[in-house]
Amino acid sequence: MALNQFNINDIRAQFPVLDQQVYGKPLVYFDNAATTQKPLCVIERERDYYLHENCNIHRGVHYLSQMATEAYENARKTVAQFINARQPQEIVFTRGTTESLNLLATSLGQLLVGEGDKVVVSAMEHHSNMVPWQQMLMHSKGQLLVIRMDKNGVLDLNHYEELLKQRPKIVSIAHISNTLGTVNPIKEMISMAHKYDIPVVIDGAQSMAHQVIDVQDLDCDFYVFSGHKMYAPMGIGGLYGKMEWLEKMPPYQFGGEMVDTVSFEKTTFNKVPFKFEAGTPNVGAALGLETAVKFIQSFDRQEVEAYEDELLRYATEQLANIEGMRFIGQAPKRNGLISFVIDGIHPYDLGTIIDKMGVAVRTGHHCAEPVMTFFGIPGTVRASFAMYNTKEEIDIFVKAVDKAANMLK
Ligand code: PLP
């Protein structure tokens, strides 16, 4: 495939939503960790599906149904190849990271976690990678073990090793923290857990758009993600699982499509991955996800990563000049986002004022309340970047933050 030149104007032209004014100011969209914008090709793919191909899949004998089934299964192949899964069947389509993690907490939990057992997460998890495990453990009277982090937002691997010695049944950790931007050393952490034969789930919500993911190289047992954070539509995401696990795991939801034979006495279940895809899936969004993957693949990934790293470096350098600036998360390896507070100013107030200057950032606890408790703050201001952002936008953002901080002091 011929790669697109990394030309920022061409890229931005594919995201018409960026080209607008809010409150009479050009929009600067720095809330990409919450959701990225969608390129025209993705929007058009979903639209095309509803214009010409819409049909329920897998069960129809007629033309449209067969075409839609083929397209949906091709989308699975594309996603599998994108993350180097061994086979397309190792990809289960879900609504996104949250649903994937709930599926795992329920199904893998049922397979592996008995009374009093333990599950390991880290101190920097999004609620989605913590609450499902916590709730499952409440039922089994088990315990959630939490890997400590230091004040820079770096996980303590010695503590992790201590926790592994307690023989937890599952480890589940974020690849990249959505509040601190820390890139965790997941390959090393996976290999450490495997020495104790413990399967590892990786929450890849923040990494798929920014990093090349190779699940075979990582050797993770599960990798979960959301399409809408990687230029795809909302309502679609995935769960990669090693086939040997998926085959052993019980279904998560029951209904049509996931069954093989049904009688009032007994039901047998469909093969992987259909066993985990009960009911009518979001076909249009899956096709949009496939197009988003192809969009990402149409660039030199190293070039995009270097560009995004440069945005992060530049933003950090510029923000550091603002009086009272305190960065939350200063791990040596960070990606995609920057989180901060300014002495004496509530993040919400700052976010509200810079919004009126056209700058969209996220403020609050970012669905990671324990992280805020750890740092003793109510929340942060978070600016998160995508490949279509520019240094000029960072200049506008930094000026807006400086101005707002002066107004609020
Ligand atoms: N995990 C992480 C690290 C996230 O950043 C997010 C969303 O921000 C989620 C999980 C939940 O993703 P979703 O809301 O798409 O299910």
Side-chain angles (χ1 to χ4, degrees), residues 29-38 42 79 92-106 119 121-135 146-147 149 153 155 171-184 186 189 200-211 213 220 222-240 252-253 276 281-282 285-286 288-289 292 308 328-329 331 333-339 360-372 374 379-386:
Y29 185 77
F30 282 172
D31 196 16
N32 295 289
T35 199
T36 59
Q37 299 300 345
K38 323 300 172 201
V42 167
V79 172
V92 177
F93 281 127
T94 64
R95 283 193 296 127
T97 309
T98 303
E99 187 174 48
S100 299
L101 289 166
N102 275 277
L103 188 163
L104 287 169
T106 306
V119 170
V121 296
S122 88
M124 62 178 76
E125 297 310 321
H126 186 283
H127 295 161
S128 290
N129 193 26
M130 200 269 276
V131 182
W133 303 111
Q134 179 193 56
Q135 296 302 304
V146 183
I147 312 164
M149 65 176 165
L155 292 180
V171 168
S172 191
I173 38 177
H175 189 171
I176 298 179
S177 155
N178 70 310
T179 34
L180 308 169
T182 309
V183 182
N184 287 316
I186 52 167
M189 294 178 80
V200 183
V201 177
I202 300 296
D203 174 351
Q206 292 300 336
S207 35
M208 290 284 278
H210 303 291
Q211 303 216 336
I213 308 301
C220 53
F222 301 93
Y223 198 99
V224 299
F225 59 93
S226 299
H228 72 96
K229 293 181 195 287
M230 48 180 287
Y231 310 112
M234 291 188 175
I236 189 76
L239 180 162
Y240 154 81
Y252 158 62
Q253 290 181 334
F276 297 108
N282 193 341
L289 173 61
E308 290 179 349
I328 304 296
K333 274 197 91 181
R334 289 186 295 114
N335 195 219
L337 62 94
I338 189 163
S339 239
V361 291
R362 178 123 322 203
T363 65
H365 55 57
H366 317 298
C367 296
E369 275 192 59
V371 176
M372 301 304 135
F374 174 81
T380 73
V381 178
R382 182 186 73 185
S384 50
F385 308 112

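Note that ligands are numbered from 1 as they come in the structure, with each ligand's atoms numbered from 1 the same way.
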J.: Please name all residues satisfying side chain to side chain contact (heavy atoms under 4.5 Å, CB included) with Asn102, sequence neighbours left out, ordered by chain then number.
T.: Thr98, Pro132, Tyr252
J.: Taking non-hydrogen atoms only, is His366 closer than 4.0 angstrom to ligand 1 via side chain, backbone, both or neither?
T.: neither
J.: Hey, does Met189 have a side-chain heavy atom less than 4.5 Å from the side chain of Val200?
T.: no
J.: Specify whether His365 and His127 have parallel, tilted or perpendicular ring planes, treating 30° as the upper limit for parallel and 60° as the lower limit for perpendicular.
T.: tilted
J.: Using 0.5 Å steps for rounding, measure from the OG atom of Ser339 to the CE atom of Met372.
T.: 6.0 Å
J.: At their closest point, which heavy atom of His126 faces which heavy atom of Asn178, and how far apart are they?
T.: CD2-ND2, 3.4 Å
J.: Give the residue and atom name of whichever protein heavy atom lies nearest to atom 7 (C) of ligand 1, and the separation in Å to one decimal.
T.: Lys229 NZ, 2.7 Å
J.: Heavy-atom distances under 4.0 Å are what count here, so tell me which part of Thr97 touches ligand 1: side chain, backbone, both or neither.
T.: both
J.: Quick one: are Leu289 and Phe93 in side-chain contact, heavy atoms under 4.5 Å?
T.: yes
J.: Ligand 1 versus Ala205, non-hydrogen atoms closer than 4.0 Å: side chain, backbone, both, neither?
T.: side chain
J.: Would you mind running through ligand 1 and noting each atom that sits below 4.0 Å from a heavy atom of Ser226?
T.: 12 (O), 13 (P), 15 (O), 16 (O)
J.: Give the residue and atom name of whichever protein heavy atom lies nearest to atom 4 (C) of ligand 1, and the separation in Å to one decimal.
T.: His126 CD2, 3.3 Å
J.: Check each atom of ligand 1 against the heavy atoms of Ser128 and keep those under 4.0 Å away; list them by number with element.
T.: 10 (C), 11 (C)
J.: Let me confirm one number: the CD-CG distance from Glu99 to Leu104, rounded to the nearest 0.5 Å.
T.: 11.0 Å
J.: For ligand 1, which atoms sit closer than 4.0 Å to a heavy atom of Asn178?
T.: 5 (O)
J.: Has Glu125 got any heavy atom lying under 4.0 angstrom from an atom of ligand 1?
T.: no
J.: Measure the distances from the heavy atoms of Asn129 to every atom of ligand 1 and state whether one is below 4.0 angstrom.
T.: no
J.: State the atoms of ligand 1, each with its element, that fall below the 4.0 Å cut-off from a heavy-atom position in Gln206.
T.: 4 (C), 5 (O), 8 (O)
J.: For ligand 1, which atoms have a heavy atom of Thr98 less than 4.0 angstrom away?
T.: 11 (C), 12 (O), 13 (P), 14 (O), 16 (O)
J.: Quick one: nearest non-hydrogen protein atom to atom 1 (N) of ligand 1, plus distance?
T.: Asp203 OD2, 2.6 Å
J.: Is the Phe30-Phe385 ring centre distance short of 6.0 angstrom?
T.: yes
J.: Between the main-chain N or O of Tyr231 and the side-chain N or O of Thr36, is there a donor-acceptor pair closer than 3.5 Å?
T.: yes
